[in-house]
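Heads up, the thing below is written out as structure tokens.
In what follows, chains are A, B, ... by sequence order, proteins preceding strands, each numbered from 1.
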Protein chains: 2
Amino acid sequence: MDDIVNVAKRRGFVYPSSEIYGGFANAWDYGPYGVLLKNNVKQAWWTDMVMKRSDIVGLDSSILMNPRVWEASGHLENFTDPLVDCKKCKKRFKGDDTDGKTCPECGGELTEARQFNMMFKTHAGPTEDTASMVYLRPETAQGIFVDFKTILDTTRNKLPFGVAQIGKSFRNEITPGNFTFRTREFEQFEIEYFVKSALEAKKVFDEWVKVRSEWYKGLGINSANLRLHEHPKSDLAHYAVTVTDIEYNFPFGFSELEGIANRGNYDLSQHEKFSGQELKYFDEETKTKILPFVVEPSGGVDRAVLAFLIDAYDNEKVEGEERIVLRFNPRLAPIKAAIFPLIKKEALVMRAKEIYHQLKEKYFVEYDESGTIGRRYRRQDEIGTPICITVDFDSLEDDSVTVRDRDSMKQKRIKISEIEEFLEKKLR
Amino acid sequence: MDDIVNVAKRRGFVYPSSEIYGGFANAWDYGPYGVLLKNNVKQAWWTDMVMKRSDIVGLDSSILMNPRVWEASGHLENFTDPLVDCKKCKKRFKGDDTDGKTCPECGGELTEARQFNMMFKTHAGPTEDTASMVYLRPETAQGIFVDFKTILDTTRNKLPFGVAQIGKSFRNEITPGNFTFRTREFEQFEIEYFVKSALEAKKVFDEWVKVRSEWYKGLGINSANLRLHEHPKSDLAHYAVTVTDIEYNFPFGFSELEGIANRGNYDLSQHEKFSGQELKYFDEETKTKILPFVVEPSGGVDRAVLAFLIDAYDNEKVEGEERIVLRFNPRLAPIKAAIFPLIKKEALVMRAKEIYHQLKEKYFVEYDESGTIGRRYRRQDEIGTPICITVDFDSLEDDSVTVRDRDSMKQKRIKISEIEEFLEKKLR
């Protein structure tokens, strides 16, 4: 894990937030390459789950919602962690992290566990009282449930269909940690997939477990690093019928990458009850009103980025020297190609810049003329750039360039006029 | 404005947040077409300002930061609005909205104005005391300033260069309003452009006012609806040397779409002072250390979306009937093309679906077979789809389709094999 944290910091992927002030509570910022990687992960999800499918539409709902939403969803009552205090040193711990009797730090006596709600609270408007209290959403899902009827009324979707959303959520975790794995502020990609019956939900649940597992594999995650974990009934959240996690083999052990939950019709029925609004779907086939059932594939963007980063990381010996390389799927690579003049001669520089500017109209690419070619290759390897393009003296004669592949390190000559097509194919 | 709010709701662009609970404090959700439009606006900005330029890199920093950041930036002290209370009816008002003496609602006596900080406060961790107090960022800019040195150290940028960021910010506005124009939760696209000297900042400032104005025009905003507003010195925020707003002619009058600010080196010097860290740039040319000066083009994503929506909105009479059309620039249109079978005959349906599925691999497109062709055109006009493609009986013979243009309503025949190229050109 240290290797990952180091390369992530050193190469501009992930920085500790507010680092000049000593950091802040396990929060992280995505640097110039990190934001490109994260955008590509989100873009791949949106393209594959929304654009290419005919049965899913998007949504972008607010982080701050009417607080009644969290009463209805059960978060106000149930979204809690048990906390204990040490009577001697006054430190506070998550109940699960202690033996329940003695303080893990000073050995003092602990208080009884109290339930601590993990939603962040704030106040909207100028007064700070109960009436103005609002919450930072702990999941994007409720925005979808609350807007479900409006989406039905303003689009022409028929069941089964899903609503997809990417956005920030916040959980006041007592013990965040493991780099970007568990943070108080995080980004989710969630789909709520609505179907007509509990029976259909069961079937669709299995399909989603498969679709989502394949998605990670299709973008380069090694199958051996993925496994499914079915939650035992006793562990289920208050809303869930069944939950299966897709787990990734993080350096700290197999842990949740994405959860697929069969939520039954719990959420919609709660919102019907609390809002007094009917949220049913009129089924043309049976001429009856249905309160849809829901299957939810809910992934963490930051966890996905971390898994892609870890899985791509490779450290090998090449001709006696260490080579660090991020073997990203080309769709996810922050920089798609780097263009070099072999040496810093004006004719080569000019031709290389021409190619660079042409590619830059369509792709994130880099130009580099400093240091040896070998060093420039290594620099691109470390940020996972799939191909490097070198302009040499022959290029001026034969209008060709040398293209070097990140993974095989093999080189070949191609025509300058064919670079775009070559790159296009590589990125598909 | 009512027309815009109506079409936005009815056609799935923008919904009131938490509407089934009576809404929430002027918060809005982006529906299925709205999220596509908003994504396209952000994508266009990111493509034009980051990808295509060689002098700008991206960043994605946290919303929750070390609270010292807001001491240094001056927000804790200066980011305030004056508030007054009515002694009789107990209502609270923004000082600017009253005459300062009598309550605008009941005529009662008002209190003296008090300064109210517009940052949302919350607590990180299990205790709710001053030590755990954190703020929701009121601007994305400070994330860039705080990470400036790390970006310098981990990339190979030389001055002048900029750092760009898209993200949510929060301001506890006393009187939000005008649809999505002023909301407590909003998205920004900001660039902090760093240069070597105050003199250079002055020059670069003028360039950015031009670049950003041209960007809006290039994406379809009518020049007549844009104007520049230079802030008088007396109105400037605590950090600013000069500020020019790009204003758009909203239905409620010309108002700020984007602000371009010359922030001097105020922010970096404050963060040096408060963090004790040196944030200077070593200038290879003069072999001196420089604290860079900053020019900030800071736009509101929601305001940009609103302006593009309003500017695109058209309501005309066609053959005696009303036609509502959103004349979006094709890059921004949520749906790029709609594919119809002329009538619901199997052979036509099959051919149309084939084209639909082929295009869906690359674009957001829709398939529609319900109602008359005329009604289907109108439906697409209302969501701003640039072209409609109809498969008719001739198509089965000549492998051609009718393509209908949203703006001119003109139709022409093209080969099915040429549709992708036609669309590609249209979207450029």
_Heavy-atom contact with chain B under 4.5 Å, split by part of A/F13_ = neither
*Can you tell which part of A/V134 gets under 4.5 Å to a heavy atom of chain B, answering side chain, backbone, both or neither?*
side chain
*Please flag which part of A/N39 lies under 4.5 Å from any non-hydrogen atom of chain B: side chain, backbone, both or neither.*
side chain
*Per-residue contact mode, A/I383 against chain B (heavy atom under 4.5 angstrom)*: neither
*asked:* Shorter than 4.5 Å, heavy atoms on both sides: which option in B/R11, B/E173, B/R92, B/H357 has the most such pairs with chain A?
replied: B/R92
*Is chain B contacted by the side chain of A/L64, its backbone, both, or neither, given a heavy-atom distance below 4.5 Å?*
both
*On the 0 to 90° scale, with breaks at 30° and 60°, tag the A/F148-A/F161 ring pair as parallel, tilted or perpendicular.*
parallel
*Would you please name every residue forming a side chain to side chain contact (heavy atoms under 4.5 Å, CB included) with B/T47, sequence neighbours left out?*
B/Q43, B/M51, B/K52, B/R331
*Describe, in one word, how the ring planes of A/W45 and A/F189 are oriented to each other, choosing from parallel (under 30°), tilted (30 to 60°) and perpendicular (over 60°).*
parallel
*Among the listed options B/A72, B/G31, B/S62, the residue most often paired with chain A at heavy-atom distances under 4.5 Å*: B/S62
*Compute whether any side-chain donor of one residue and acceptor of the other, for B/E71 and B/Q270, lie under 3.5 angstrom apart.*
no
*asked:* If I measure from the heavy atoms of chain B, does A/K149 come under 4.5 Å with its side chain, its backbone, both, or neither?
replied: neither
*Report yes or no: do A/S269 and A/D267 form a side-chain donor-acceptor pair below 3.5 Å?*
no
*Toward chain A, the part of B/Y15 with a non-hydrogen atom under 4.5 Å*: side chain
_Contact leader toward chain A among B/S17, B/P126, B/G12, B/P32, where contacts are heavy-atom pairs under 4.5 Å_ = B/P126
*Pick one of side chain, backbone, both or neither for A/F116, based on which atoms fall under 4.5 Å of a heavy atom in chain B.*
side chain
*Go through the atoms of A/T155 and report whether side chain, backbone, both or neither lie under 4.5 Å from a heavy atom of chain B.*
side chain
_Which of A/L83, A/T175, A/T127 touches chain B most, by non-hydrogen pairs under 4.5 Å_ = A/T127
*Interface residue of largest heavy-atom contact number with chain B, from A/P16, A/S18, A/A25, under 4.5 Å*: A/S18
*Just by distance, do the side chain of B/D129 and the backbone of B/S132 share a donor-acceptor pair under 3.5 Å?*
yes
*asked:* Between A/A124 and chain B, with a heavy-atom cut-off of 4.5 Å, which part of the residue counts as in contact: side chain, backbone, both or neither?
replied: both
*Report the C-alpha separation of A/R171 and A/E185 in whole Å, then their side-chain angles, then the decisive distance to 0.1 Å, and conclude whether the salt bridge (charged side-chain N to carboxylate O under 4.0 Å, His left out) test is met.*
CA-CA 7 Å; A/R171 295 179 186 178; A/E185 171 184 342; over 6 Å; no
*So which of A/L36, A/L59, A/D368, A/V57 has the biggest tally of heavy-atom pairs under 4.5 Å with chain B?*
A/L59
*Checking A/L136 against chain B: side chain, backbone, both or neither under 4.5 Å from a heavy atom?*
side chain
*asked:* Closer than 3.5 angstrom, by distance alone: can the side chain of A/D85 be matched with the main-chain N or O of A/K90 as a donor-acceptor pair?
replied: no
*Under a 4.5 Å heavy-atom cutoff, which of A/K94, A/Q165, A/K168 has the most pairs with chain B?*
A/K168
*Using the test side chain to side chain contact (heavy atoms under 4.5 Å, CB included), find all partners of A/D55 that sit at least two apart in sequence or belong to another chain.*
A/R53, A/Y193
*asked:* With chain B as the partner, which of A/R156, A/Q277, A/M118, A/E19 has the greatest number of non-hydrogen pairs under 4.5 Å?
replied: A/R156
*Taking A/D302 for its side chain and A/F186 for its backbone only, find out whether a donor-acceptor pair lies under 3.5 Å.*
no
